Amino acid sequence: MAKLPGYRRQRAAQEAPYLHPGYKSTLRRAPSQDFIRLPHTLSEITGPTYGHEGVGPREFDLTQGRPGEPIGQRIAVSGRVTDADGSPIRDAIIEVWQCNAAGRYHHDADRHNAPLDPNFGGAGRCVTDQEGRYRFVTIEPGAYPWPNHPNAWRPKHIHLSLFGTGLATRLVTQMYFPGDPLLPYDPIYNCVPDKKARERLVSTF
(Lines give C-alpha, C1' and ligand atoms only; values in the text may rest on other atoms or scores of the structure.)
Protein backbone atom coordinates (compact mmCIF):
# COMPACT_ATOMS: atom_id res chain seq x y z
CA MET A 1 0.00 0.00 0.00
CA ALA A 2 1.39 3.39 -1.00
CA LYS A 3 2.03 5.83 1.81
CA LEU A 4 0.13 9.08 1.43
CA PRO A 5 1.99 12.36 2.06
CA GLY A 6 1.44 14.45 5.19
CA TYR A 7 0.38 18.06 5.45
CA ARG A 8 3.77 19.36 6.52
CA ARG A 9 5.88 21.13 3.93
CA GLN A 10 9.00 23.22 4.06
CA ARG A 11 8.16 26.83 4.89
CA ALA A 12 9.44 29.21 2.24
CA ALA A 13 11.89 31.91 3.33
CA GLN A 14 9.50 34.63 2.10
CA GLU A 15 6.63 33.48 4.33
CA ALA A 16 5.74 35.37 7.48
CA PRO A 17 6.87 33.74 10.73
CA TYR A 18 4.25 32.41 13.11
CA LEU A 19 5.65 34.66 15.85
CA HIS A 20 6.23 38.32 14.98
CA PRO A 21 6.50 40.45 18.17
CA GLY A 22 5.46 43.63 16.36
CA TYR A 23 2.11 42.00 15.60
CA LYS A 24 0.87 41.46 19.15
CA SER A 25 -1.79 38.86 18.35
CA THR A 26 0.94 36.42 17.30
CA LEU A 27 2.22 36.38 20.89
CA ARG A 28 -1.00 34.55 21.81
CA ARG A 29 -1.53 32.58 18.60
CA ALA A 30 1.91 31.35 17.58
CA PRO A 31 2.55 27.64 18.30
CA SER A 32 4.76 27.06 21.34
CA GLN A 33 5.33 23.35 20.66
CA ASP A 34 6.42 21.26 17.68
CA PHE A 35 3.79 20.46 15.08
CA ILE A 36 2.14 17.04 14.97
CA ARG A 37 2.34 15.39 11.57
CA LEU A 38 -1.11 14.53 10.19
CA PRO A 39 -0.98 12.05 7.30
CA HIS A 40 -3.38 12.49 4.41
CA THR A 41 -6.28 10.12 3.98
CA LEU A 42 -8.04 9.42 0.70
CA SER A 43 -10.72 11.97 1.61
CA GLU A 44 -8.12 14.77 1.56
CA ILE A 45 -6.75 13.68 -1.82
CA THR A 46 -9.87 12.53 -3.68
CA GLY A 47 -12.69 14.13 -1.72
CA PRO A 48 -15.39 16.29 -3.31
CA THR A 49 -14.75 19.96 -3.91
CA TYR A 50 -15.50 22.20 -0.99
CA GLY A 51 -18.88 23.89 -1.24
CA HIS A 52 -18.62 24.94 -4.90
CA GLU A 53 -22.23 24.15 -5.66
CA GLY A 54 -23.36 26.79 -3.17
CA VAL A 55 -21.59 29.77 -4.78
CA GLY A 56 -24.14 31.97 -6.55
CA PRO A 57 -23.46 33.60 -9.93
CA ARG A 58 -23.60 37.17 -8.52
CA GLU A 59 -21.73 36.68 -5.26
CA PHE A 60 -18.61 38.19 -6.85
CA ASP A 61 -20.30 41.63 -6.84
CA LEU A 62 -20.22 43.11 -3.33
CA THR A 63 -22.08 46.22 -4.52
CA GLN A 64 -25.30 44.32 -5.29
CA GLY A 65 -28.01 42.72 -3.17
CA ARG A 66 -28.94 45.77 -1.11
CA PRO A 67 -31.63 48.41 -1.66
CA GLY A 68 -29.23 51.21 -2.63
CA GLU A 69 -25.73 52.01 -3.85
CA PRO A 70 -22.81 51.58 -1.44
CA ILE A 71 -20.76 54.62 -0.51
CA GLY A 72 -17.24 54.82 -1.91
CA GLN A 73 -15.19 54.41 -5.06
CA ARG A 74 -16.22 51.33 -6.99
CA ILE A 75 -13.32 49.08 -7.99
CA ALA A 76 -12.75 45.73 -9.71
CA VAL A 77 -10.34 43.24 -8.16
CA SER A 78 -9.16 40.51 -10.53
CA GLY A 79 -6.27 38.13 -11.02
CA ARG A 80 -5.24 34.52 -11.43
CA VAL A 81 -4.63 31.73 -8.95
CA THR A 82 -1.68 29.53 -9.92
CA ASP A 83 0.45 26.87 -8.29
CA ALA A 84 4.18 27.22 -7.66
CA ASP A 85 4.91 26.23 -11.27
CA GLY A 86 2.54 28.83 -12.73
CA SER A 87 -0.18 26.37 -13.72
CA PRO A 88 -3.74 27.65 -13.19
CA ILE A 89 -5.72 26.48 -10.18
CA ARG A 90 -9.18 25.76 -11.56
CA ASP A 91 -12.42 25.67 -9.56
CA ALA A 92 -10.89 27.20 -6.41
CA ILE A 93 -13.28 29.08 -4.16
CA ILE A 94 -12.16 32.59 -3.27
CA GLU A 95 -13.90 34.41 -0.42
CA VAL A 96 -13.27 38.09 0.26
CA TRP A 97 -14.25 40.31 3.15
CA GLN A 98 -13.47 43.94 3.90
CA CYS A 99 -14.56 47.06 5.74
CA ASN A 100 -16.59 49.81 4.10
CA ALA A 101 -15.27 53.09 2.71
CA ALA A 102 -15.31 54.63 6.21
CA GLY A 103 -13.19 51.83 7.68
CA ARG A 104 -15.85 49.80 9.49
CA TYR A 105 -16.75 46.13 9.13
CA HIS A 106 -20.35 44.98 8.98
CA HIS A 107 -19.79 42.85 12.07
CA ASP A 108 -21.00 43.07 15.68
CA ALA A 109 -17.44 42.89 17.00
CA ASP A 110 -16.39 46.08 15.19
CA ARG A 111 -16.79 48.96 17.66
CA HIS A 112 -15.09 51.60 15.52
CA ASN A 113 -17.24 54.76 15.65
CA ALA A 114 -17.14 55.18 11.87
CA PRO A 115 -20.59 54.89 10.23
CA LEU A 116 -21.98 51.63 8.91
CA ASP A 117 -23.10 51.55 5.29
CA PRO A 118 -26.53 49.86 5.07
CA ASN A 119 -25.88 49.15 1.38
CA PHE A 120 -22.56 47.35 1.83
CA GLY A 121 -22.14 44.00 3.55
CA GLY A 122 -18.46 43.61 2.73
CA ALA A 123 -18.27 39.92 1.76
CA GLY A 124 -18.33 37.95 -1.49
CA ARG A 125 -17.32 34.69 -3.18
CA CYS A 126 -16.47 33.33 -6.59
CA VAL A 127 -14.98 30.24 -8.25
CA THR A 128 -11.90 30.46 -10.50
CA ASP A 129 -12.37 29.59 -14.16
CA GLN A 130 -10.37 27.13 -16.27
CA GLU A 131 -7.46 29.60 -16.45
CA GLY A 132 -7.52 30.25 -12.70
CA ARG A 133 -9.01 33.71 -13.18
CA TYR A 134 -11.28 35.48 -10.70
CA ARG A 135 -12.97 38.87 -10.51
CA PHE A 136 -14.74 40.85 -7.79
CA VAL A 137 -16.61 44.15 -7.95
CA THR A 138 -16.48 46.10 -4.70
CA ILE A 139 -15.61 49.51 -3.22
CA GLU A 140 -12.26 50.75 -2.02
CA PRO A 141 -12.06 50.11 1.74
CA GLY A 142 -10.98 52.71 4.28
CA ALA A 143 -8.22 52.61 6.87
CA TYR A 144 -9.20 52.04 10.49
CA PRO A 145 -7.65 52.15 13.99
CA TRP A 146 -6.72 48.98 15.85
CA PRO A 147 -5.29 48.34 19.33
CA ASN A 148 -1.95 46.77 18.38
CA HIS A 149 0.09 49.78 19.53
CA PRO A 150 -0.51 53.50 20.26
CA ASN A 151 -2.09 55.39 17.37
CA ALA A 152 -2.11 52.25 15.22
CA TRP A 153 -4.04 52.29 11.94
CA ARG A 154 -4.43 49.45 9.48
CA PRO A 155 -3.80 50.38 5.83
CA LYS A 156 -6.55 49.78 3.29
CA HIS A 157 -6.81 46.08 2.58
CA ILE A 158 -9.06 43.26 1.44
CA HIS A 159 -8.96 39.81 3.05
CA LEU A 160 -8.88 36.78 0.75
CA SER A 161 -9.49 33.14 1.61
CA LEU A 162 -8.71 30.51 -1.04
CA PHE A 163 -10.00 26.94 -0.90
CA GLY A 164 -8.78 24.12 -3.10
CA THR A 165 -10.47 20.74 -2.75
CA GLY A 166 -11.02 21.02 1.00
CA LEU A 167 -10.24 22.78 4.27
CA ALA A 168 -6.73 21.31 4.31
CA THR A 169 -5.83 23.40 1.26
CA ARG A 170 -7.01 26.77 2.56
CA LEU A 171 -4.86 29.88 2.24
CA VAL A 172 -5.77 33.17 3.96
CA THR A 173 -4.04 36.39 2.93
CA GLN A 174 -4.58 40.12 2.43
CA MET A 175 -4.38 42.45 -0.56
CA TYR A 176 -3.07 46.00 -0.09
CA PHE A 177 -3.27 49.12 -2.25
CA PRO A 178 -0.34 50.86 -3.98
CA GLY A 179 0.96 54.12 -2.52
CA ASP A 180 -0.72 53.66 0.87
CA PRO A 181 1.27 55.78 3.36
CA LEU A 182 0.33 53.42 6.22
CA LEU A 183 2.09 50.38 4.74
CA PRO A 184 5.54 51.12 6.25
CA TYR A 185 3.96 51.19 9.71
CA ASP A 186 1.77 48.07 9.47
CA PRO A 187 3.24 45.09 11.40
CA ILE A 188 1.04 42.56 9.57
CA TYR A 189 2.31 43.70 6.17
CA ASN A 190 5.88 44.02 7.44
CA CYS A 191 6.02 40.60 9.10
CA VAL A 192 6.74 39.15 5.62
CA PRO A 193 10.56 39.14 5.73
CA ASP A 194 11.23 39.10 1.98
CA LYS A 195 10.78 42.52 0.32
CA LYS A 196 9.75 41.11 -3.07
CA ALA A 197 7.23 38.77 -1.44
CA ARG A 198 5.87 41.71 0.56
CA GLU A 199 5.43 43.76 -2.59
CA ARG A 200 3.41 40.94 -4.18
CA LEU A 201 0.73 41.63 -1.56
CA VAL A 202 0.17 45.07 -3.08
CA SER A 203 -2.25 45.22 -6.01
CA THR A 204 -1.15 46.63 -9.36
CA PHE A 205 -3.33 48.35 -11.94
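None of the values given here were measured: they were computed from a predicted structure.
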*Asks:* Working note: H157 + Y144, criterion side-chain hydrogen bond (donor to acceptor under 3.5 Å, both in side chains); need CA distance, chi angles, decisive distance, verdict.
*Replies:* CA-CA 10 Å; H157 62 278; Y144 58 84; 3.3 Å; yes
*Asks:* Answer yes or no: does atom NE2 of H107 have more than 12 heavy-atom neighbours from other residues, nucleotides or ligands under 6.0 Å?
*Replies:* no
*Asks:* Less than 4.5 Å apart, side chain to side chain, heavy atoms only: is that true for V96 and T138?
*Replies:* no
*Asks:* CZ/R135 to OG1/T128 distance, rounded to the nearest 0.5 angstrom?
*Replies:* 15.5 Å
*Asks:* Applying the 4.5 Å side-chain criterion to the ILVMFWY set and letting contacts propagate, would I158 and Y105 be lumped into a single cluster?
*Replies:* no
*Asks:* Which pairs with one or both residues in residues 73-100 pass ring pair (Phe, Tyr, Trp, His ring centres under 6.0 Å), sequence neighbours excluded?
*Replies:* W97-H159
*Asks:* For the residue pair Y189 and Y23, is the inter-centroid distance of their aromatic rings smaller than 6.0 Å?
*Replies:* no
*Asks:* Please tell me if the side chains of R80 and P88 come closer than 4.5 Å, counting only heavy atoms from C-beta onward.
*Replies:* yes
*Asks:* Identify, with sequence neighbours excluded, every residue that meets salt bridge (Lys or Arg N to Asp or Glu O under 4.0 Å) alongside D117.
*Replies:* none
*Asks:* Under the side chain to side chain contact (heavy atoms under 4.5 Å, CB included) rule, what do Q64 and V137 come out as? Steps first, then yes or no, please.
*Replies:* CA-CA 9 Å; Q64 300 295 314; V137 177; over 6 Å; no
*Asks:* Can you tell if the side chain of L62 reaches within under 4.5 Å of the side chain of I139, non-hydrogen atoms only?
*Replies:* no
*Asks:* May I ask whether V127 and L171 are part of the same hydrophobic cluster, defined by side-chain heavy atoms of I, L, V, M, F, W, Y residues being less than 4.5 angstrom apart, directly or through others?
*Replies:* no
*Asks:* Which residue in the set E140, M175, Q98 passes side-chain contact (heavy atoms from CB on, under 4.5 Å) when paired with K156?
*Replies:* E140
*Asks:* Could you tell me the separation between the CG atom of N100 and the NE2 atom of H112, rounded to the nearest 0.5 Å?
*Replies:* 8.5 Å
*Asks:* Would you check, one step at a time, whether the test side chain to side chain contact (heavy atoms under 4.5 Å, CB included) holds for R125 with F60?
*Replies:* CA-CA 5 Å; R125 299 188 300 171; F60 75 94; over 6 Å; no
*Asks:* So, do H106 and F120 sit near enough that their side-chain heavy atoms are less than 4.5 Å apart?
*Replies:* no
*Asks:* Is it the case that one hydrophobic cluster holds both V77 and I94, taking links as side-chain heavy atoms less than 4.5 Å apart, direct or via other members?
*Replies:* yes
*Asks:* Can D186 and R154 be counted as an ion pair, charged N to O under 4.0 angstrom?
*Replies:* yes
*Asks:* Which heavy atom of P17 sits nearest a heavy atom of P193, and at what distance?
*Replies:* CD-CD, 4.3 Å
*Asks:* What pairs with R111 under side chain to side chain contact (heavy atoms under 4.5 Å, CB included), at least two apart in sequence or on another chain?
*Replies:* none
*Asks:* Between L162 and I93, does a side chain to side chain contact (heavy atoms under 4.5 Å, CB included) hold up when you go through it step by step?
*Replies:* CA-CA 6 Å; L162 291 80; I93 294 180; over 6 Å; no
*Asks:* Please tabulate, for side-chain N and O atoms in residues 67-76, each donor-acceptor pair with protein atoms closer than 3.5 Å (sequence neighbours left out).
*Replies:*
from	atom 1	to	atom 2	distance (Å)
E69	OE1	R74	NH2	2.4
R74	NH1	T63	OG1	3.4

*Asks:* Could you go through the side-chain hydrogen bond (donor to acceptor under 3.5 Å, both in side chains) check for R170 and S161 one step at a time?
*Replies:* CA-CA 7 Å; R170 188 184 187 199; S161 167; 2.8 Å; yes
*Asks:* I'd like to know if the side chain of R90 and the backbone of G132 have a donor-acceptor N/O pair within less than 3.5 Å.
*Replies:* no
*Asks:* Nearest 0.5 Å please: distance from the CG atom of D91 over to the CD atom of Q130.
*Replies:* 5.5 Å
*Asks:* Describe, in one word, how the ring planes of F136 and Y134 are oriented to each other, choosing from parallel (under 30°), tilted (30 to 60°) and perpendicular (over 60°).
*Replies:* tilted
*Asks:* Could you grab the distance from atom CD1 of I188 to atom OG of S25, nearest 0.5 Å is fine?
*Replies:* 7.0 Å
*Asks:* State, with a plain yes or no, whether a side-chain heavy atom of F177 is found less than 4.5 Å away from one of V202.
*Replies:* no
*Asks:* Is a side-chain N or O of N190 found less than 3.5 angstrom from the main chain of G22, in a donor-acceptor match?
*Replies:* no
*Asks:* Write down the atom of T26, the atom of L19, and the distance for their closest heavy-atom approach.
*Replies:* O-CD1, 3.6 Å
*Asks:* Assess the residue pair Y185 and N151 against the criterion (side chain to side chain contact (heavy atoms under 4.5 Å, CB included)); give the C-alpha distance rounded to whole Å, side-chain angles, the decisive distance to 0.1 Å, and a yes or no.
*Replies:* CA-CA 11 Å; Y185 308 101; N151 198 30; over 6 Å; no
*Asks:* Between CG of D110 and CG of N113, what distance do you get to the nearest 0.5 Å?
*Replies:* 10.0 Å
*Asks:* R198 side chain to V192 main-chain N or O, any donor-acceptor pair under 3.5 Å?
*Replies:* yes
*Asks:* Do E95 and F163 have side chains that approach each other closer than 4.5 Å (heavy atoms only, starting at C-beta)?
*Replies:* yes
*Asks:* Please name all residues satisfying side chain to side chain contact (heavy atoms under 4.5 Å, CB included) with P147, sequence neighbours left out, ordered by chain then number.
*Replies:* none
*Asks:* Only counting residues at least two apart or in another chain, list the ones meeting side chain to side chain contact (heavy atoms under 4.5 Å, CB included) with L182.
*Replies:* A143, W153, P155, D180
